[in-house]
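Scroll down for the structure; my scribbles are underneath it.
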There are 2 protein chains.
Amino acid sequence: MTTEESILKAARKVFQRKGLEGARMQEIADEAGINKALLHYYFRSKENLFEKIFSEAFEKMLPAVSGYLSEATNLRQFVVFFIEKYFELISEMPYAPQFILQEINRNPNLIANLTGKFGLPVELVKELIKREADAGLIVPIRPEHLMINIISMIIFPFAAKPIIMTVLFKNKQQAYDEFLNQRQAVIADFVLAAITIKKCDQ
Amino acid sequence: MTTEESILKAARKVFQRKGLEGARMQEIADEAGINKALLHYYFRSKENLFEKIFSEAFEKMLPAVSGYLSEATNLRQFVVFFIEKYFELISEMPYAPQFILQEINRNPNLIANLTGKFGLPVELVKELIKREADAGLIVPIRPEHLMINIISMIIFPFAAKPIIMTVLFKNKQQAYDEFLNQRQAVIADFVLAAITIKKCDQ
DNA sequence: GTCTATATGCAGATAGAC
DNA sequence: GTCTATCTGCATATAGAC
């Protein structure tokens, strides 16, 4: 691992836990096992290093949707596929969601620079949901609500990890991990049950 | 409004947006229309002022559950009642959830001081869900998942407001507000549909 | 490229007049 | 209680040796 890579790795860890303002260049340097001055040699400023980490996290989190869309032929298939893939993605970077929400909340301008990229896939998903709802294949629901419902249930348990672990699992890491492992299937079942029309046609 | 009240109001606003580390005492003073030194006269330190704001927000958010529980006779009733009340609560302090998650993420010790209070109501809700699931009145689901599903769908749209407004509503505040207004009913419908057993007994 | 030593600026906190 | 002026420490950033 090169010095630059170990800096980025350390910066990811510290920034995602503490945020831009809470992070200390000293802590990042310690974490990377190098000197503070080297940080400024590789990345001119703290802001600059932060910007790298933030946009990297942001880009990994958001546009994932578009890929899954083309592979699904109907909404139910897409929902299952999306939950699976998005869940795996977040599992690999569990602190990213809370980090992104935190920093955008602190400085809403961060979002402006990165916008535009995700307009298209969102519209496609909206259309898919609307089409099936209009055709009576699923329960009538506004696409925006269904999308947010799914995303909420995936992301929130990661963002609220410390509280959930304390309140529901007496701070037992293992119990929380087991809970997370179940969620992928649970969310899929939950969503499909919610959007399925209850008919007696058998 | 007394000086102390206007300080607390200003501190709430600034801390909830910027967090402990991101907030500046100068900004709080400006927001309150007073001098920086007065902050230290009323509250000895930044940490001290922050602690007031944080525990106030935390206590308002969490133990709300217990009250609603006694008024409901079955799970479906409780779910509807809980969503309604919790939604109203958060609407009044929309920045609190993200703020709490952020600060606990930065400093997990914050949760230790405040724990213990919510053990009881959570256990009662768990039992209620388990009882109805075992009795076949609702779909089988682990209580923890159902609770987190509901909380997720309520809280996330507030925590992710800037992103949602940009990605789904082209930064139109009005469209986002309308979306939020619908959510209370949408979430209730969604959850009830998901936990209802699909039978053909009519 | 990597370090030690140092400069710079800013934010939290205090002193003291009114 | 409220202000202006000032102190202090710390975190970012730079200089310069190796």
Side-chain angles (χ1 to χ4, degrees), chain A residues 1-57 95 99 102-110 113, chain B residues 1-58 95 99-100 102-110 113:
Chain A
M1 190 158 61
T2 69
T3 303
E4 183 169 343
E5 284 167 342
S6 65
I7 290 176
L8 285 171
K9 187 179 171 187
R12 244 171 249 129
K13 181 170 174 182
V14 176
F15 276 133
Q16 295 203 6
R17 283 196 149 79
K18 308 283 183 73
L20 167 63
E21 302 273 7
R24 297 287 168 261
M25 293 296 264
Q26 185 63 58
E27 195 180 347
I28 296 174
D30 293 346
E31 183 73 33
I34 53 143
N35 190 275
K36 225 176 24 163
L38 256 192
L39 295 179
H40 288 90
Y41 176 78
Y42 278 91
F43 305 87
R44 290 199 334 277
S45 67
K46 183 186 183 183
E47 292 265 353
N48 195 46
L49 178 55
F50 169 81
E51 210 279 329
K52 284 248 184 331
I53 301 298
F54 178 81
S55 54
E56 171 195 86
Y95 292 98
F99 169 62
Q102 173 181 158
E103 295 304 319
I104 287 181
N105 189 51
R106 183 184 54 80
N107 176 15
N109 290 331
L110 284 171
N113 316 326
Chain B
M1 190 158 60
T2 69
T3 302
E4 183 168 347
E5 284 168 342
S6 66
I7 290 176
L8 285 171
K9 187 179 171 187
R12 243 172 250 130
K13 181 170 174 183
V14 177
F15 276 132
Q16 295 204 5
R17 283 195 149 80
K18 307 283 184 73
L20 168 63
E21 301 272 8
R24 297 285 168 262
M25 293 296 265
Q26 185 62 59
E27 195 180 348
I28 296 173
D30 292 346
E31 184 72 34
I34 53 143
N35 190 277
K36 221 176 28 160
L38 255 194
L39 295 180
H40 289 89
Y41 176 79
Y42 278 90
F43 305 88
R44 290 199 335 276
S45 67
K46 185 187 183 182
E47 291 266 351
N48 194 45
L49 178 55
F50 170 80
E51 211 280 327
K52 283 249 184 330
I53 302 298
F54 179 81
S55 55
E56 172 195 86
F58 192 88
Y95 292 98
F99 169 61
I100 292 169
Q102 174 181 156
E103 295 304 320
I104 287 180
N105 189 52
R106 183 185 55 79
N107 176 15
N109 290 331
L110 284 171
N113 316 326

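A note on names: the letters A, B, ... follow the listed sequences, proteins ahead of strands, and every chain is numbered from 1.
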- Query: Counting side-chain heavy atoms from C-beta on, which of C/dT14, D/dA15, C/dT2 comes nearest to B/Ala37?
  - Reply: C/dT14
- Measure from the side-chain heavy atoms of B/Lys46 and tell me the nearest of C/dG12, C/dC3, D/dG1. C/dG12
- Please name the pair of heavy atoms, one in A/Ala32 and one in A/Ser6, separated by the smallest distance, quoted to 0.1 Å. CB-O, 3.6 Å
- Determine the minimum heavy-atom distance between B/Leu110 and B/Ile104, stating which atoms define it. CD1-N, 4.3 Å
Nearest whole Å is fine: how far is [N] [atom2] from [X] [atom1]?
X	N	atom1	atom2	result
A/Asn35	D/dA13	CG	P	15 Å
B/Lys36	D/dT6	NZ	C1'	10 Å
B/Glu4	D/dT2	CD	C1'	15 Å
B/Ile34	D/dT4	CD1	P	12 Å
A/Ile28	D/dA11	CD1	C1'	12 Å
B/Met25	C/dC10	CE	P	18 Å
B/Tyr42	C/dT14	OH	P	17 Å
A/Tyr41	D/dT12	OH	C1'	19 Å

- Query: Would you say B/Thr3 reaches D/dG1's phosphate, i.e. side-chain N/O to OP1/OP2 under 4.0 Å?
  - Reply: no
- Message: Would you say B/His40 places a side-chain N or O within less than 4.0 Å of OP1 or OP2 belonging to C/dA13?
- Response: yes
- Item | B/Glu21/A/Arg106 salt bridge by N-O under 4.0 Å criterion | no
Can you give me every donor-acceptor pair (side chain of residues 39-53 of chain B, partner residue at least two apart or in another chain, under 3.5 Å) with its distance?
unit_1  : atom_1 : unit_2  : atom_2 : d
B/Ser45 : OG     : B/Asn48 : N      : 3.1
B/Lys46 : NZ     : B/Leu20 : O      : 2.9
B/Lys46 : NZ     : B/Ala23 : O      : 2.8

Below 3.5 Å is the cut-off: list the nitrogen or oxygen pairs between protein and nucleotides 8-10 of chain D, distance only.
none

- Query: Does the side chain of A/Phe99 come within less than 4.5 Å of A/Phe15's, by heavy atoms?
  - Reply: yes
- Message: Using a 4.0 Å heavy-atom cut-off, does A/Ala23 contact any base of the nucleic acid, only the sugar-phosphate backbone, or nothing at all?
- Response: sugar-phosphate
- Message: Is a donor from one side chain sitting under 3.5 angstrom from an acceptor on the other, for A/Gln26 and A/Asp30?
- Response: yes
- Item | Matching residue for A/Glu31 among A/Lys13, A/Arg17, A/Lys18 - test: salt bridge (Lys or Arg N to Asp or Glu O under 4.0 Å) | A/Lys13
